[in-house]
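This chain uses plain numbering: 1 for the first residue, then up along the sequence. Since the model is a prediction, treat every value here as computed from it, not as a measurement.
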Amino acid sequence: MSAAALGLCISGASANEELLRLQRDPNQWVMPTGNYANHRYSELNQITRDNVAQLRPSWSFSTGVLRGHEGGPLVLGDMMYIHTPFPNKVFALDLKEPGKIVWRYEPSQDPSVIAVMCCDTVNRGVSYGDGKIILAQADAKVVALDAKTGKVAWSVTNGDPGKGETMTAAPMVFGDKVLVGISGGEFGVRGHVTAYNLKDGSMAWRAYSVGPDNEILFDPQKTTSLGKPVGPNSSLQSWEGDQWKIGGGTTWGWFSYDPELNLVYYGSGNPGTWNPAQRPGDNKWSMTIFARDATTGQAKWVYQMTPHDEWDYDGVNEMILSDINVRGRPVKALVHFDRNGFGYTLNRETGELLVAEKFDPVVNWATKVDMQTGRPEVVKEFSTRQGGEDTNTQNICPAALGTKDQQPAAFSPRTSHFYVPTNHVCMDYEPFRVSYTAGQPYVGATLSMFPPKGAQHMGNFIAWDASEGKILWSKPERFSVWSGALATAGDIVFYGTLEGYLKAVDVRDGKELFSYRTPSGIIGNVNTYTHNGKQYIAVLSGVGGWAGIGMAAGLQGDTEGLGAAGAYRSLANYTQLGGVLTVFALPN
C-alpha cells in the first residue's frame with residue numbers, strides 16, 4: 001500500500017523503518033491489523049468479484065487447541081506465525097512446505113488463569129518487530145520470541161492474575177517500543193497501557209485510564225477533551241472517594257499509530273462494577289478514546305463516549321485512521337464503531353467530534369449524541385440506574401456485547417467506505433449491589449440477551465459512510481458477525497460467520513459472491529498474502545469468544561456467560577468447537 005493510501009507518512013525519529021516499509025508490502029501481513037492505520041485492506045487483486053467464487057481450500061493446519069480462536073496469522077516472507085487461545089501456543093510455519101512447523105512455543109501457565117478470563121480464553125494475535133515475535137500471554141506476561149528460532153529473548157510481567165489481571169489483546173510494535181494493554185474490567189482491575197522497550201523489555205512508560213493526572217499522564221492545560229483543557233485531576237473529580245482504584249477502564253482492544261503525528265490511539269473499557277448506582281459520576285476516563293504521544297505516553301486529547309456507563313458498552317474497539325472528506329472537507333480522521341451503537345468520526349489531530357450516528361437502527365438507549373457536549377442523550381426507559389438496584393430494565397438495544405465488539409472493521413481507500421461486522425442483539429439488565437474482593441468477579445448485574453423484537457437474525461454485515469454517518473447497505477446473518485473483515489483491491493470484502501462460513505461480498509452492494517464452510521465457527525480475522533506470486537486468503541476457525549462462550553465453556557443457563565449463553569444456545573446446532581487455520585487460493 002502506498003503512503004498516500006495509508007494517509008500516513010514516514011517521519012519522526014521514533015519511526016520503526018522496517019515496519020513502516022513492511023506494512024506497505026501487500027505480499028506480506030506483518031501486523032495483526034494489516035497496517036498502523038487499522039485499515040485491514042490489501043492492494044492484492046488477483047482475487048476479484050469475477051473469480052472469487054472459484055476459491056478453494058489450499059491447505060490447513062490444526063492448532064490442537066479448542067475454544068475461541070480470535071485474531072489471525074502474520075506472514076513475513078516465507079514464514080507464517082499463528083497463535084492459539086490459552087495456553088497461547090505460537091507456531092512458526094514454513095510456507096515453502098505449507099503446514100510444516102519450523103518452531104513452536106508453548107508457555108507453562110497456571111490453569112487458574114482461565115477462571116479470571118471474562119469472556120473465553122481468547123488471544124487476538126502476536127506482533128512482529130526487531131526480529132522478534134511478541135506475545136501477550138493470558139497470565140499477563142509479555143514475551144519476545146526470536147522470529148527465526150522461537151527462543152525467548154525476554155519476558156516481563158505486566159499484571160497479576162491473582163487480582164484478575166489477564167491479557168487477551170494483540171500487542172502493537174511502534175518505533176523502538178511495544179505497546180500492550182490489560183484485561184480484567186469484570187474484576188475491578190484498574191486499566192492501563194504500557195510501552196516496553198523492544199530491545200530488552202524494560203518499561204518506557206505506563207498510562208492508567210483512571211486516577212490522578214501524574215498516573216494517567218495528563219497535562220491539565222494541554223490535554224484536551226472536545227478542544228478544551230480537561231483541567232486538574234479530571235478523572236478523580238468524576239469518582240466518589242477512592243472508587244477509581246478499582247475503576248476499570250481496561251484496555252483489551254486494538255491500537256493504532258500515526259507516525260506523522262507520533263500519536264497512538266486506543267479505547268478504554270467499562271468502569272468497575274456494572275451496577276451504576278455504586279459509582280455515581282461520569283467515571284472518567286473509562287469508555288474513552290485516547291490519543292497519546294508515542295514517545296512519552298502523555299495524553300494529547302481524550303473523548304469519553306459513554307459517561308457513567310450503565311450498560312457495559314466498553315470503548316475498546318479499533319480506531320481506524322483514514323484521510324477522508326467529512327461533510328465536504330478533507331480531514332485526517334479517526335473512525336470508531338463503538339459498542340454503544342454509534343459510529344464516530346473525529347479529527348485525529350485535535351479530537352474534534354465530527355460525526356456520531358447509529359450504525360444499527362434498533363439502537364434505543366440514547367436518541368442521539370449532542371455534538372456540542374459529546375454526550376449521548378439517554379432514554380430514561382432504558383437507563384439501568386433509573387429503575388434502581390434489583391430492577392430489571394428490559395429491551396435495551398444493543399446488548400452489553402454491543403452493536404460491535406472487538407471484531408475489527410475494514411476500510412477500503414478505493415471506495416472510502418468502511419465494512420463492519422455487527423451484532424443485532426438486545427438485552428434485559430438487572431443491577432445488584434456487589435462488594436469488591438481482589439481476584440473475584442466484580443460485576444453486579446444479571447443479563448439476558450435476545451434478537452430485537454420481530455427480528456429473526458442476530459447480526460448484520462454493513463457498509464458505512466463515515467463522512468455522513470450512514471449505512472450504505474446491510475447484509476443480515478443468522479448470528480452475530482464476530483470475525484474481522486478484510487477489504488481488497490479486488491473490490492470484495494471477506495468475513496466469517498459463527499456457523500463457520502468464510503464469505504466474500506461485493507463492495508458495491510453486499511451481494512454474496514463466495515461461501516465456504518470451515519471446520520468450526522469463525523471469530524478470527526481474515527487476512528491475505530502472496531507466496532510465489534499467488535494470492536492466498538487465510539482465516540482461523542474455532543468458535544468461542546463472548547458470543548460463543550456457551551459452547552466454549554459448556555454454559556447452558558439463559559443468564560450465564562454474562563447473558564450470552566442463552567442468546568446463542570442454538571449455535572450448537574450449526575457448529576462445534578475446533579481450532580483450524582484454513583488457507584484458500586484460486587485453482588492453478
Could you tell me whether [X] and [Y] have a side-chain N and a carboxylate O separated by less than 4.0 Å?
| X | Y | value |
| --- | --- | --- |
| D509 | K511 | no |
| K503 | E477 | yes |
| E499 | R478 | yes |
| D312 | R339 | yes |
| K470 | E357 | no |
| R49 | D491 | yes |
| R327 | E468 | yes |

Any sub-3.5 Å donor-acceptor pair from [X]'s side-chain atoms to [Y]'s backbone N or O?
| X | Y | answer |
| --- | --- | --- |
| S467 | N325 | yes |
| Y266 | N317 | no |
| H83 | E70 | yes |
| R279 | E240 | no |
| N460 | I462 | no |
| T251 | G181 | no |
| K300 | E349 | yes |
| S412 | R414 | yes |
| D338 | G341 | no |
| R569 | Q556 | yes |

Angle class for the [X]/[Y] ring planes (parallel below 30°, perpendicular above 60°, tilted otherwise)?
| X | Y | answer |
| --- | --- | --- |
| F461 | Y495 | parallel |
| H457 | H424 | parallel |
| W285 | F218 | tilted |
| F479 | Y574 | perpendicular |

Using the ring pair (Phe, Tyr, Trp, His ring centres under 6.0 Å) rule, pick out the option among W464, F359, Y303 that qualifies with Y344.
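For Y344, the ring pair (Phe, Tyr, Trp, His ring centres under 6.0 Å) check succeeds only for Y303.
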Criterion ring pair (Phe, Tyr, Trp, His ring centres under 6.0 Å) against H192, the qualifying member of W252, F290, Y208
Y208
Output, in order, the C-alpha distance, side-chain angles, deciding distance and verdict of side-chain hydrogen bond (donor to acceptor under 3.5 Å, both in side chains) for S183 and T250.
CA-CA 5 Å; S183 301; T250 52; over 6 Å; no
For residues W365 and Y313, establish whether the separation of their ring centroids is below 6.0 Å.
yes
Evaluate the criterion side-chain hydrogen bond (donor to acceptor under 3.5 Å, both in side chains) for residue pair R124 and T168; output intermediate values, then yes/no.
CA-CA 6 Å; R124 298 185 185 91; T168 57; 2.8 Å; yes
Reported CZ-to-OG distance for the pair F255 and S127, which is rounded to 0.5 angstrom:
9.5 Å
Spacing of CG belonging to L447 relative to CD belonging to E430, to within rounding of 0.5 Å
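Rounded to the nearest 0.5 Å, the CG-CD separation comes to 10.0 Å.
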Consider side-chain contact (heavy atoms from CB on, under 4.5 Å). Of [options], which one does [X] pass it with?
| X | options | result |
| --- | --- | --- |
| P398 | V363, V425, D405, T422 | V363 |
| L353 | V369, T345, N347 | V369 |
| R348 | V335, V331, D323 | D323 |

Please test Y41 against F411 for ring-ring contact (aromatic ring centres under 6.0 Å, His included), starting from the C-alpha separation and ending with a verdict.
CA-CA 6 Å; Y41 168 82; F411 168 73; 7.8 Å; no
Does some side-chain heavy atom of E318 sit less than 4.5 Å from a side-chain heavy atom of K404?
yes
Could you go through R375 and D370, starting from their C-alpha distance and side-chain angles, then the distance that decides it, and tell me whether this counts as salt bridge (charged side-chain N to carboxylate O under 4.0 Å, His left out)?
CA-CA 5 Å; R375 299 181 72 94; D370 184 310; over 6 Å; no
Are D282 and H308 close enough, and set up right, to give a side-chain hydrogen bond (donor to acceptor under 3.5 Å, both in side chains), and what steps lead you there?
CA-CA 4 Å; D282 278 355; H308 185 61; over 6 Å; no
Have E310 and S383 got a donor and an acceptor in their side chains that come within less than 3.5 Å?
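Yes.
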Between R433 and E389, does a salt bridge (charged side-chain N to carboxylate O under 4.0 Å, His left out) hold up when you go through it step by step?
CA-CA 7 Å; R433 189 151 291 267; E389 294 175 339; 2.8 Å; yes
